[in-house]
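Residue numbers start from 1 in every chain, and the chains themselves are labelled A, B, ... in the order their sequence lines are given, proteins ahead of strands. Everything quoted here is computed from the prediction, not taken from an experiment.
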Number of protein chains: 2
Amino acid sequence: MKWDTLDEEPCSLSRTVAVVGDRWTLLILRECFLRVRRFEAFQSSLQITRHLLSERLKKLVRFGILRRVPYSEAPKRYEYILTQKGLDLYPIIMAMVHWGDTHMGDERGRPLLHEHRNCGKLFDPVMVCSECGEVLHAKQVHVHAGPGREEAVG
Amino acid sequence: MKWDTLDEEPCSLSRTVAVVGDRWTLLILRECFLRVRRFEAFQSSLQITRHLLSERLKKLVRFGILRRVPYSEAPKRYEYILTQKGLDLYPIIMAMVHWGDTHMGDERGRPLLHEHRNCGKLFDPVMVCSECGEVLHAKQVHVHAGPGREEAVG
DNA sequence: TTTGACAGTTCTATTTTAGAACTATAGCCT
DNA sequence: AGGCTATAGTTCTAAAATAGAACTGTCAAA
């Protein structure tokens with residue numbers, strides 16, 4: 001497979017995978033949502049090699065998920081901030097955290113707890129239908145080919 | 001980083017990434033949710049090398065996401081079926097599809113449309129708070145260390 | 001007996017990643 | 001001025017993962 005054109009496949013999952021579908025990128029995004037912004041901070045908290053961190057940050061900037069914002073003029077220094085496109089990845093990250101909480105836990109309990117500021121309670125993320133508000137389950141969903149997929153593609 | 005122990009980190013995202021955090025695994029899971037079950041079917045629809053497909057399927061079985069079920073005795077043939085643990089990955093996949101629909105679309109429109117059998121409508125997946133039912137946004141969530149994370153870990 | 005379907009395994013070449021060292025700019029201390 | 005530290009990278013080689021193609025083994029049907 002040509003990973004370099006995965007973001008042009010007629011499949012929204014492939015396109016997303018092209019951008020965030022590797023281990024380091026997902027871990028970097030976790031740090032972003034925990035308010036980490038600087039190269040050294042990512043590097044020391046993730047123990048990622050500097051080379052790969054540099055690569056991944058460039059890629060995330062290229063795809064419009066992070067913005068590289070100067071915070072010092074001399075010497076020139078930048079920090080990496082989530083754009084709206086990046087903030088919109090939150091459901092993906094939270095869905096992964098929730099699955100990990102549910103299926104990969106150990107006897108020590110959850111590593112992190114999440115509080116919803118609006119209601120003040122500790123919560124779990126739940127995925128619902130935009131139309132009827134009910135909780136979604138895979139078996140209740142039927143898939144149709146949309147306009148972006150010629151039937152031939154399968 | 002030691003990828004082989006990522007599933008024991010005191011972080012539910014890391015643990016999830018350890019299992020589904022690579023391109024091929026996510027694409028294989030997409031096929032699973034589209035009712036693909038057999039080795040040859042995965043291989044031809046994904047154009048993945050047989051070697052890697054074999055590896056990834058083994059790993060998904062090892063983590064309890066797929067079950068390897070015989071469907072023919074002579075010759076012995078197996079198909080791969082999502083377990084409940086695997087079905088529970090649905091919100092992750094749908095969150096990725098939705099982000100792709102929203103941010104990686106082209107002029108041709110969506111590749112796939114999703115119909116919710118319960119209400120009969122085409123829908124988008126929405127992530128809400130389990131306690132108050134409101135739509136979740138990253139900035140409204142506050143993170144606390146839970147019992148599974150000694151403060152020292154950070 | 002030959003062909004074809006299915007579910008893999010094995011092999012070599014290429015690409016990615018790990019790990020460590022190096023570069024560059026500038027502030028601060030003596 | 002000279003040396004130390006902080007920050008944000010880049011460059012290099014070795015190790016690991018992936019691609020691509022060929023091969024194995026079982027059985028049914030022609």
Side-chain angles (χ1 to χ4, degrees), chain A residues 1-7 9 14 17-29 31-32 35-63 66-82, chain B residues 1-7 9 14 17-29 31-32 35-63 66-82:
Chain A
M1 160 129 351
K2 9 59 275 196
W3 291 125
D4 41 329
T5 57
L6 192 60
D7 58 326
E9 292 278 301
S14 296
V17 166
V19 183
V20 303
D22 75 281
R23 291 155 144 86
W24 282 126
T25 299
L26 288 164
L27 295 175
I28 288 168
L29 287 168
E31 297 300 303
C32 292
R35 316 291 197 273
V36 170
R37 293 162 136 79
R38 299 189 182 175
F39 191 94
E40 295 294 320
F42 287 111
Q43 204 277 320
S44 72
S45 78
L46 291 173
Q47 297 295 101
I48 183 177
T49 65
R50 309 176 72 76
H51 178 72
L52 267 205
L53 176 57
S54 173
E55 271 248 326
R56 291 292 192 273
L57 289 173
K58 270 183 207 153
K59 181 175 168 185
L60 288 168
V61 168
R62 182 155 37 82
F63 276 112
L66 297 177
R67 250 175 324 146
R68 191 160 171 269
V69 180
Y71 72 90
S72 149
E73 279 308 318
K76 276 273 187 189
R77 300 234 185 285
Y78 300 88
E79 52 190 11
Y80 296 88
I81 316 257
L82 285 165
Chain B
M1 161 133 348
K2 5 69 261 201
W3 291 124
D4 43 327
T5 57
L6 192 60
D7 58 326
E9 291 278 299
S14 297
V17 166
V19 183
V20 302
D22 76 281
R23 290 154 144 88
W24 282 126
T25 298
L26 288 164
L27 294 175
I28 289 169
L29 287 169
E31 298 300 304
C32 292
R35 317 291 198 277
V36 170
R37 294 162 136 79
R38 298 186 183 178
F39 191 93
E40 294 294 321
F42 287 112
Q43 204 277 320
S44 72
S45 79
L46 290 174
Q47 297 296 100
I48 182 176
T49 65
R50 307 176 75 76
H51 178 74
L52 267 203
L53 176 57
S54 173
E55 270 248 328
R56 292 290 192 274
L57 289 173
K58 271 183 206 151
K59 181 175 168 185
L60 288 169
V61 169
R62 182 154 37 82
F63 276 112
L66 298 176
R67 250 174 325 147
R68 190 160 171 270
V69 180
Y71 71 92
S72 150
E73 281 306 319
K76 275 272 188 191
R77 299 234 185 286
Y78 299 90
E79 52 190 11
Y80 296 88
I81 315 258
L82 285 165

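To the nearest angstrom, P of C/dT15 lies 11 Å from CG of A/D4. B/L66 has its CG atom 16 Å from the C1' atom of C/dA7, to the nearest Å. One interatomic measurement links the two molecules: CD1 of B/I28 to P of C/dG8, which rounds to 12 Å at whole-angstrom precision. Rounded to whole Å, atom P of C/dT9 lies 10 Å from atom CG of B/L57. Regarding A/K59, its NZ atom lies at a distance of 10 Å from the P atom of C/dT16, rounded to whole Å. Here the C1' atom of nucleotide C/dT25 and the CD atom of A/E40 are 14 Å apart, to the nearest Å.
Applying the 4.0 Å criterion to OP1 and OP2 of C/dT25, one finds that A/Y78 has every side-chain N and O outside that range. OP1 or OP2 of D/dA8 has at least one side-chain nitrogen or oxygen of A/Y71 nearer than 4.0 Å. Contact annotation: B/K58 side-chain N/O to C/dA7 OP1/OP2 distance is not under 4.0 Å.
Under the side-chain hydrogen bond (donor to acceptor under 3.5 Å, both in side chains) criterion, A/R67 pairs with no residue, sequence neighbours left out.
Remark: the backbone N or O of B/R68 is not paired with any side-chain donor or acceptor of B/E79 at under 3.5 angstrom.
Here C/dG8 is the nucleotide among D/dG9, C/dG8, D/dT10 with the atom lying nearest to any side-chain atom of B/R68.
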Practice item. Give the B/S/- string for nucleotides 17-30 of chain D, one per nucleotide from 5' to 3', where a protein heavy atom under 4.0 Å of the base yields B, of only the sugar-phosphate yields S, and otherwise -. Key: -SBB-B---BS---
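Among residue pairs with one or both ends in residues 52-63 of chain A, those qualifying as salt bridge (Lys or Arg N to Asp or Glu O under 4.0 Å) are A/D22-A/R56; sequence neighbours excluded.
B/R50 and B/E40 are joined by a salt bridge, as a carboxylate oxygen and a charged side-chain nitrogen come within less than 4.0 angstrom of each other.
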